[in-house]
Amino acid sequence: MSITIYHNPNCGTSRNTLAMIRQSGEEPEVIEYLKTPPSRETLIDLMTRMGLGPRELLRQKGTPYAELDLGNTKWTEDQLVDFMMEHPILINRPIVVTPRGVKLCRPSEAVLDILPNADIGAFTKEDGEVVPARTKA
């Protein structure tokens, strides 16, 4: 089974998501996207598969979002993708790809929606928040 996470090890949400994947019994391909950014084509494909546009994928906190005035409606979607290619920190994370779909996993427990084995039991996040075990429907 192939699972990929576009990961930032400095991000708690990303670390929690990676831990949940591993707790499900999978060892994903981990792409540290700040070191190895996706190609433009891959980024567009990921957005398409998630059903998100560039504005929805832009990360504001801890990025040059404000100084680049990216909230301004003058920027086209193609231009916003250009900014993400130039400044990968603008790509919100973590993005997880599984056989069940592609998802921006914010909050981290959103990954459970696309894991082949979401029955990971209770999970305690780094900040102490407990994600209860999922009950089978």
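Keep in mind the model is a prediction, meaning the values are calculated, not measured. Atoms considered below: every heavy atom in the structure, side chains included; atoms not considered: hydrogens, waters and symmetry mates.
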Trainee: Give me the atom names and distance for the closest heavy-atom approach of Glu126 to Asn16.
Mentor: N-OD1, 3.1 Å

Trainee: A side-chain contact here means heavy atoms from C-beta on lying under 4.5 Å apart; do Tyr6 and Val102 qualify?
Mentor: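 SC-SC contact between Tyr6 and Val102 ruled out.
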
Trainee: Residues two or more places apart in sequence or in another chain: which of them pass salt bridge (charged side-chain N to carboxylate O under 4.0 Å, His left out) with Glu86?
Mentor: none

Trainee: Is it true that Lys125 and Glu109 make a salt bridge, defined as a side-chain N closer than 4.0 Å to a carboxylate O?
Mentor: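 Glu109 and Lys125: salt-bridged.
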
Trainee: Would you name the heavy atoms of Pro9 and Arg15 that are closest together and state the gap between them?
Mentor: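 Smallest heavy-atom distance, with atoms named: O-NH1, 2.8 Å.
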
Trainee: Is there a donor-acceptor contact under 3.5 Å from the side chain of Arg100 to the main chain of Pro116?
Mentor: no

Trainee: Might you point out which heavy atoms bring Leu58 and Met84 nearest each other, and give the distance in Å?
Mentor: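 Taking every non-hydrogen atom into account, CD2-CG, 3.8 Å.
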
Trainee: Are Pro28 and Ile5 packed together at the side-chain level, in the sense that at least one heavy-atom pair is separated by less than 4.5 angstrom?
Mentor: yes

Trainee: Please examine the side chains of His7 and Pro94, heavy atoms only from C-beta on, and report whether any two atoms are closer than 4.5 Å.
Mentor: no

Trainee: Do Ile95 and Lys103 have side chains that get closer than 4.5 Å, going by heavy atoms?
Mentor: no

Trainee: Quick check: closest heavy atoms across Met47 and Val81, and the distance to 0.1 Å?
Mentor: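 What the structure gives for the nearest pair is CE-CG2, 3.7 Å.
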
Trainee: I need the Met50 CE to Cys105 SG distance, nearest 0.5 Å.
Mentor: 9.5 Å

Trainee: With rounding to the nearest 0.5 angstrom, report the CG to CG distance, Leu104 to Leu57.
Mentor: 6.0 Å

Trainee: Looking at Asp45 and Glu41, would you say the former's side chain and the latter's main chain have a donor-acceptor pair under 3.5 Å?
Mentor: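 Not confirmed, Asp45 side chain does not pair with Glu41 backbone.
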
Trainee: Please check this pair: side chain of Thr124 against backbone of Val130, looking for a donor-acceptor N/O pair closer than 3.5 Å.
Mentor: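 Answer holds: no.
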
Trainee: Would a single hydrophobic cluster contain both Ile21 and Phe123, if residues Ile, Leu, Val, Met, Phe, Trp and Tyr are joined by side-chain heavy-atom contacts under 4.5 Å?
Mentor: yes

Trainee: List the steps and the verdict of side chain to side chain donor-acceptor pair (under 3.5 Å) for Ser14 and Thr17.
Mentor: CA-CA 5 Å; Ser14 197; Thr17 302; over 6 Å; no

Trainee: Hey, what do you get for CZ (Arg93) to SG (Cys11), rounding to the nearest 0.5 Å?
Mentor: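 These two atoms lie 4.0 Å from each other.
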
Trainee: List the steps, then state whether side-chain contact (heavy atoms from CB on, under 4.5 Å) holds for Asn92 with Leu52.
Mentor: CA-CA 11 Å; Asn92 213 340; Leu52 298 177; over 6 Å; no

Trainee: Is Glu32 reaching over with its side chain to a backbone N or O of Asn8, donor-acceptor style, under 3.5 angstrom?
Mentor: no

Trainee: Can you tell me if Gln79 uses its side chain to pair, donor with acceptor, with the backbone of Thr76 under 3.5 Å?
Mentor: yes

Trainee: Does the side chain of Ile91 reach to within under 4.5 Å of the side chain of Pro38, using non-hydrogen atoms?
Mentor: yes

Trainee: Given 3.5 Å as the limit, does a donor-acceptor pair link the side chain of Glu56 with the main chain of Gly53, or not?
Mentor: yes

Trainee: If we only count heavy atoms from C-beta on, is the Met20 to Ile120 side-chain gap below 4.5 Å?
Mentor: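 Counting from C-beta outward, Met20 and Ile120 do come under 4.5 Å.
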
Trainee: To the nearest 0.5 Å, how far apart are CH2 in Trp75 and CZ in Phe83?
Mentor: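 If I round to the nearest 0.5 Å, the distance is 3.5 Å.
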
Trainee: Look only at the side chain of Thr36 and the backbone of Tyr33, and say whether a donor-acceptor pair between them is shorter than 3.5 Å.
Mentor: no

Trainee: Going from CG on Leu68 to CG on Leu90, what distance comes out if it is rounded to the nearest 0.5 angstrom?
Mentor: 6.5 Å

Trainee: Check this for me: does any side-chain nitrogen of one of Arg134 and Asp113 sit under 4.0 Å from a carboxylate oxygen of the other?
Mentor: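 Salt bridge flag = yes for Asp113 with Arg134.
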
Trainee: If every non-hydrogen atom of Thr13 is compared with every non-hydrogen atom of Ser108, which pair is closest and at what distance?
Mentor: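 Scanning both residues completely, I find the closest heavy atoms to be O-CB, 3.6 Å.
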
Trainee: Between Ile89 and Leu70, is there a shared hydrophobic cluster once you connect ILVMFWY residues whose side-chain heavy atoms come closer than 4.5 Å?
Mentor: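 Linked within one cluster.
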
Trainee: Is a donor on one side and an acceptor on the other found under 3.5 Å between the side chain of Arg49 and the backbone of Gly101?
Mentor: no

Trainee: With clusters defined by side-chain heavy atoms of hydrophobic residues (ILVMFWY) lying less than 4.5 Å apart, directly or transitively, does Val30 cluster with Ile114?
Mentor: yes

Trainee: Could you state the interatomic distance from CG (Leu80) to CE (Met85), rounded to the nearest 0.5 Å?
Mentor: 13.5 Å

Trainee: Looking at Pro88 and Pro37, what are the two nearest heavy atoms and their distance?
Mentor: CG-CG, 3.6 Å

